Amino acid sequence: MTEPAAGRLRVGIAGTGAIALASAAWLRQAGHAAMLWSPGGQGAEALRTQPLEAAGVQPCRVAVEVAGDAAQLCRASDVLLIALPVNGHRRVMDALLPFLRDGQTVIVSSMASLSSLYLHEGARRAGKRVTVASFGTTVLTARRESATQVRVMTRRQAVGVSALPRTEIESAIELCAALFGGGFFAQENTLASALANVNPQSHGPLAVFNWTRIEHAENWPQYHCMTPGVARAIEALDRERRAVAQAFGIALGPIEEHFARSFGTESARLEDIAAELHAKRGGPPGPVRTDTRYLSEDMPYGLAFVEALGAIAGVATPATRTIVDAASLVSGIDFRQQNDLLAPLNLGTETVAGLLARL
Ligand SMILES: NC(=O)C1=CN([C@@H]2O[C@H](COP(=O)(O)OP(=O)(O)OC[C@H]3O[C@@H](n4cnc5c(N)ncnc54)[C@H](OP(=O)(O)O)[C@@H]3O)[C@@H](O)[C@H]2O)C=CC1
Ligand SMILES: CC(C)(CO)C(=O)C(=O)O
């Protein structure tokens with residue numbers, strides 16, 4: 001990879017979607033070198049010959065590099081960023097694992113369903129000392145507009161981070177700050193990061209109750225359609241998320257706090273936060289494809305994961321169950337069967353104390 005400016009880092013990014021492109025543009029602007037790898041093989045081809053263009057927050061036009069495979073990506077990088085939906089984490093982590101080096105840090109953004117634990121335990125079994133840092137969200141919010149164009153909507157004001165092993169949390173935060181700037185704070189463990197990810201609680205009701213709009217590919221502004229009734233459903237899921245976290249000794253703030261922290265919203269109630277965000281931004285548009293990650297990612301790796309933790313800890317999650325059932329019903333996909341991390345993580349036979357001891 002091209003040498004970055006002095007004191008800057010070589011960052012290898014797995015993924016070529018919105019967050020991967022937005023992160024590459026951000027990192028290049030900060031003087032770091034960025035190399036992208038498309039797990040499917042085609043997603044980064046145009047960037048071999050054309051610059052990456054970012055619009056929105058911090059517009060820029062920058063050159064990035066493209067890796068042919070996972071081996072090249074790992075070899076050329078000081079630090080790796082996994083920036084793709086969790087559906088691909090197991091496969092991508094399996095591809096990266098043989099090539100990771102002792103001392104390398106892998107940042108997973110966003111992380112859900114303890115995918116970082118899957119990677120860290122795999123690395124340990126392979127005798128490698130790597131650090132896996134997790135964000136329960138992303139530093140930037142973005143939408144990919146073409147193979148070489150991305151619109152960056154936000155740079156979040158604060159982002160929680162956890163580390164495996166936990167002893168590396170300070171250096172993980174330092175690294176994140178060196179890459180993206182300030183605003184990172186420590187979360188107590190990787191489970192806290194997984195449960196701090198509120199996309200599933202927000203996206204599940206949004207998608208289910210706006211399903212006809214999605215099927216008709218209508219232009220529906222997401223926060224305008226987070227109506228009082230949808231907000232009430234999201235709040236019910238959020239209470240269950242926090243109750244499950246509590247059973248694992250993790251105190252998490254409500255979803256309203258997440259919006260205030262991420263986007264600087266000032267309203268207290270979720271329905272008012274939605275109205276505030278719509279008035280300020282008018283977007284983003286809600287999904288227009290029935291294979292939206294709002295269901296394909298957030299149901300198995302978000303809500304079904306909360307159900308699995310609830311089963312371990314003896315916490316009832318009826319509202320969460322309702323939304324997974326409704327999502328499965330309208331899409332014809334049994335989302336509880338789609339999470340490929342629960343089995344290798346042995347969550348079916350885990351206990352509260354046993355799981356916490358692994359973190
Ligand atoms: N966009 C946003 O503003 C936000 C995103 N997030 C989260 O960040 C993560 C990345 O989101 P985003 O970039 O928007 O997602 P995108 O849908 O834009 O990501 C597409 C990329 O993911 C890769 N990919 C998708 N599915 C798989 C799979 N099954 N196996 C391997 N690779 C796969 C694609 O690979 P290929 O290159 O092979 O085509 C492509 O590189 C997600 O977890 C999302 O929930 C969270 C908050 C905000
Ligand atoms: C749009 C946003 C910021 C909120 O739903 C998001 O989290 C996503 O795209 O996944």
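Not measured: the values here are computed from a predicted model. When a ligand or atom number is given, it counts from 1 through the structure's own listing order. In this chain, numbering begins with 1 at the start of the sequence shown.
- When non-hydrogen atoms are compared, ligand 2 lies under 4.0 Å from the side chain of Asn199 (C-beta onward) but not from its backbone.
- The atoms of ligand 1 that sit less than 4.0 Å from any heavy atom of Glu297 are 42 (C), 43 (O), 44 (C), 45 (O).
- Residue nearest to atom 3 (O) of ligand 1, selected from Pro85, Gly43, Gly136, Ala142: Ala142 (by heavy-atom distance).
- In this structure, Phe263 and Tyr223 have perpendicular ring planes: the angle between them is above 60°, well past the 30° mark.
- Heavy-atom proximity to Arg156, at under 4.0 Å, picks out these atoms of ligand 1: 47 (C), 48 (C).
- Residue His203 has at least one nitrogen or oxygen atom sitting less than 3.5 Å from a nitrogen or oxygen atom of ligand 2, judged on distance alone.
- At a 3.5 angstrom cut-off on N or O pairs, Ala83 does not count as close to ligand 1.
- The ligand atoms of ligand 1 that sit less than 4.0 angstrom from a heavy atom of Thr141 are 3 (O).
- Looking only at protein heavy atoms, the nearest one to atom 8 (C) of ligand 2 is Arg293 NH2, 3.6 Å.
- Contacts with ligand 2 closer than 4.0 Å are made by side-chain heavy atoms of Arg143 only, the backbone lying farther away.
- When the options Thr16, Asn199, Thr137, Leu140 are ranked by their closest heavy atom to atom 40 (C) of ligand 1, first place goes to Thr16.
- Summarising the contacts of atom 30 (N) of ligand 1 with Glu45, Arg91, Arg90, the nearest heavy atom is found in Arg91.
- Listed by number with element, the atoms of ligand 1 under 4.0 angstrom from any heavy atom of Gly88 are 28 (C), 29 (N), 30 (N), 31 (C).
- For a threshold of 3.5 Å applied to N or O pairs, the pair formed by Ser202 and ligand 2 contains no separation below that value.
- Applying the 4.0 Å criterion to heavy atoms of Pro284 picks out, from ligand 2, the atoms 1 (C).
- Proximity to Gly15 (heavy-atom distance under 4.0 Å) selects the following atoms of ligand 1: 41 (O).
- At a heavy-atom cutoff of 4.0 Å, ligand 2 is contacted by the side chain of Tyr223 but not by its backbone.
- Under a 4.0 Å criterion applied to the non-hydrogen atoms of Arg143, ligand 1 contributes the atoms 1 (N), 2 (C), 3 (O).
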